[in-house]
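One structure is given here, and the rest of the page talks about it.
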Amino acid sequence: MAELEDLPLQHQAQERAGAAESDYPIYVVVGTGPVGVRCAQKLLEYSDDAQVVIFGAEADSPYNRVKLSQYLSDQLALEDLDNPVLGRNDSRLAEFIDRKVVSIDRVNKTITDAAGSIQPYDKLILATGSNPAIPQVPGTDFPNVYPFRSLRNTEDLIRLRESNLHVCVIGAGALGLEAAAALKTQNNRVTLQSRTHLLGGLLSDEAGNYLESSLAALGVELKIGDALTAIRGDETAGEIEFASGDTLQIDAAVLCTGIHSEISLAQKCGLATGRGIVVNEWLQTSDPDIYAVGECAEFEQEVYQFVRPGYEQAESCCEHICRKRNDQLRAGPYRGSCRDVQLKIAHIPCAIIGSVESGEQYIYRNRFKGLYRQLFVRDGHLCGAVYIGSWDEASQLRQAVAAEEAVTPRALKRFEQDGHLWQKSAARGIREQPDHYLVCQCNGINKGELCTAISQGKRNLMDLQQATTAGSVCGSCRPLIAELLDVPAPNLVMRHARGILLTSIVSLILIALAVAMPPAPISESVQSHWYWEKLWYDNFWKQVSGYSLLGFCLLTASLSLRKRWRKFTHGHVDHWRYAHSLIGCAALIVLIVHTGFRLGKNLNLALMLVFLAATTTGALVGVFMARNHHWTDIKLREHRKWWSRVHYALLWTLPVLLAYHILAVYYF
């Protein structure tokens, strides 16, 4: 196969066609989205001799569409979206990017791309995905009305996000919620519009209110229950009209109004279609040699719009294709997928798990923390759950709902009191969990599988991801994997972490010297270093060091302005943190020069102790921030937040003590 990649595709087709009749089968996948890539990987894994060919219509290399919202919100870098076929170095794989397939010849079992090149196949998998559903209202063709579906769309939205504009996100499904939160900055205005309730009415009124409050806390404005009727403007969109007669002045609009399955290729070749390409339990279409998976497939009149069902379909489909040449495969038919909804709106997790339409309901609320948790119990067994806000038992909860585990009245009573079902196990880290503990929800990878891969030499995040696929979809399990590996999780590493750690340690050493060193004596010898006495005792230099120290104190307060003043967004906050730690270290040096290791008396002593305590807690916060990628969130909550609160409390007393000190020096 490696030799064939250098030949024109028509020549490859001829050679493969002859080979396919006697030597090896050719499996072709159309679509390089996450599900198409997963099919190519499974075909290589399940077969020893088959040639796998994958075609992608987009000009970009395969990327993870599920993570586009995180990329839009600056939580991920571009390279974090990469989603290559994990067996891409296999000589049996050929990839063709920016090669849209335009027709299928079912009689001769070939496909043709836009350039006219022909590729034969023995089995064909259609993973063509879907297209954005555009509302049938005037104005959706304006140049500043954007869909949100592809990497190119996301690049457009990133440029839009950095402008000081009013953006209206139309549609409040999962994608619309994530898009609105990702687009919001301190400098722009974002309105989220929906003709019905958030998440299409899947939430109760109370849960919807909690979600609305969470969005409002992010600064996202809401226009709920009012349908869009038109987008008006001259050359660009400038106003949105609603069914109620209200209007909204905007600078741009983003369409998150659903999707339509991409079935045009299947329709052209005569396959049975409905809303999607109709498939059976083996994901076969009306042509038994052609399969369909993912958002383009319709199984029992259902079209699934999330990636996890597509992965489950890929598993059944690829096992069915390869089982004739691999006796060890025991293909299980596809039975449909659950419609769980899992999303992360900025830093706020939100999920709908299992069946939430009936059953006894148990609710835990914490309005102060923005937590809402709702359990659905049928005949003493968990059948569904809804939660808004972080929940440390989320992974265990998902497994319990899937297995319809029994739950005791005592556990439900505790849940209503403190929001936990498994209070003791909730505090256990990943290392203490059993091997069957599900770590990666999207791919169904448990701790035992990860530990096996680690024991086989997969000792970093990327190698472990390629070996097991864990963390390759939404990425929410990567901190757990990092904890298991005891290595940093890239999405948690702070910029300038090493520099902040170093300056924090130096600051702690200087603080120890300021406390432990004896006061500098007044020299009685003419041979002493005169400049030390000038710095420590000369009135002019005392004022120079004193006002320098005051200036450094004011500069350190600038970080608080950068974090809290909404209009001040210059520079990444990590750069400001680094400058903050450097200034704090410099302030300690000037303090030693100013005091000569003297702690003072009375209120001056109080000022010195408060200053040293504030810088000590600040330095400890710096250490925890610099090392947070090596520790779990539990440790951070126990240490960093506690020291931060003490640090802030001490800082409030400094201005009063400093003012008294300056007044006392000049008055007396």
Side-chain angles (χ1 to χ4, degrees), residues 31-37 56-84 97-98 100 127-135 140-185 187-193 218 220 236-237 250-260 262 294-295 305-307 310 342-347 442 471-476 478 490-491 572:
T32 52
V35 177
V37 167
E58 291 188 56
D60 301 290
S61 298
Y63 60 88
N64 193 336
R65 201 181 305 276
V66 181
K67 296 181 180 179
L68 287 178
S69 295
Q70 298 174 59
Y71 176 51
L72 175 59
S73 60
D74 280 341
Q75 296 179 37
L76 296 177
L78 181 60
E79 55 269 21
D80 294 323
L81 297 180
D82 289 345
N83 187 38
I97 307 303
D98 198 16
K100 182 178 181 179
T128 49
S130 58
N131 297 315
I134 306 300
T140 55
D141 55 348
F142 279 122
N144 59 335
V145 176
Y146 302 89
F148 182 26
R149 186 64 185 160
S150 68
L151 180 58
R152 297 298 175 90
N153 297 152
T154 310
E155 298 287 1
D156 291 336
L157 295 183
I158 288 174
R159 289 188 287 270
L160 178 67
R161 180 177 180 268
E162 300 306 318
S163 303
N164 298 329
L165 299 171
H166 181 193
V167 181
C168 182
V169 177
I170 300 170
L175 185 63
L177 291 170
E178 290 185 342
L183 285 167
K184 185 70 184 81
T185 70
N187 296 327
N188 68 4
R189 181 183 172 195
V190 174
T191 299
L192 178 64
Q193 179 275 338
L218 297 174
V220 176
T236 59
I250 62 164
D251 297 296
V254 179
L255 301 178
C256 298
T257 46
I259 58 175
H260 290 313
E262 173 48 66
E295 293 173 342
Q305 299 182 2
F306 295 97
V307 71
Q342 182 177 348
L343 61 153
K344 198 169 187 179
I345 307 165
H347 60 283
C442 299
S472 62
V473 184
C474 72
S476 61
R478 297 185 78 188
N491 58 325
H572 193 281

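This chain uses plain numbering: 1 for the first residue, then up along the sequence.
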Next on the checklist: Side chains of R149 and S130, heavy atoms from C-beta outward: is any pair under 4.5 Å?
Outcome noted: yes
Checklist entry - What closest approach, in Å, do L218 and A181 show between heavy atoms, and which atom pair accounts for it? => result CD1-CB, 4.0 Å
Checklist outcome for this item: When rounded to the nearest 0.5 Å, the distance separating OG of S73 from NZ of K67 is 12.5 Å
Item to check | Min side-chain heavy-atom separation I97-P62 under 4.5 Å | outcome: yes
Checklist entry - Which heavy-atom pair separates V307 from P34 by the least distance, and what is that distance? => result CG2-CB, 3.9 Å
Checklist entry - Would you say the side-chain atoms of Y63 pair up with the backbone N or O of L151, donor to acceptor, closer than 3.5 Å? => result yes
Checklist outcome for this item: Of all heavy-atom pairs linking P135 and T140, the shortest is O-CG2, 3.6 Å
Checklist entry - Can you name the closest pair of heavy atoms from N153 and P147 and give their distance? => result CB-O, 3.5 Å
Item to check | From OG1 (T191) to CD1 (I170), nearest 0.5 Å | outcome: 10.5 Å
Checklist entry - Atom CD1 of I345 and atom CD of E178: how far apart are they, to the nearest 0.5 Å? => result 7.5 Å
Item to check | Heavy-atom pair with the smallest gap, counting every atom of I250 and C168 | outcome: CG2-CB, 3.9 Å
Next on the checklist: Treating N188 as the side-chain partner and V167 as the backbone partner, does any N or O pair qualify as donor plus acceptor under 3.5 Å?
Outcome noted: no
Next on the checklist: Is it the case that the side chain of R161 and the backbone of T185 share a donor-acceptor pair, with hydrogens and angles ignored and the cut-off at 3.5 Å?
Outcome noted: no
Checklist entry - So how far is it from L160 CG to T154 OG1, rounded to the nearest 0.5 Å? => result 12.0 Å
Checklist entry - Rounded to the nearest 0.5 Å, what separation is found between the CG atom of N131 and the CD atom of E262? => result 4.5 Å
Checklist entry - Looking at side-chain heavy atoms only, is the closest gap between I134 and T257 below 4.5 Å? => result no
Item to check | Within-4.5 Å side-chain heavy-atom neighbours: D80 and Q70 | outcome: no
Item to check | Salt-bridge contact E295-R65 (side-chain N to carboxylate O under 4.0 Å) | outcome: no
Checklist entry - Just by distance, do the side chain of T236 and the backbone of N144 share a donor-acceptor pair under 3.5 Å? => result no
Checklist entry - L78 versus E155: any side-chain heavy-atom pair under 4.5 Å? => result yes
Checklist entry - Are any non-hydrogen side-chain atoms of L175 and S69 less than 4.5 angstrom apart? => result yes
Next on the checklist: Using every non-hydrogen atom in the two residues, find where A174 and L343 come nearest and quote the distance to one decimal.
Outcome noted: O-CD1, 3.9 Å
Checklist entry - Are any non-hydrogen side-chain atoms of V169 and F148 less than 4.5 angstrom apart? => result no
Checklist entry - With the threshold set at 4.0 Å, does a side-chain nitrogen-carboxylate oxygen contact exist between D251 and R189? => result no
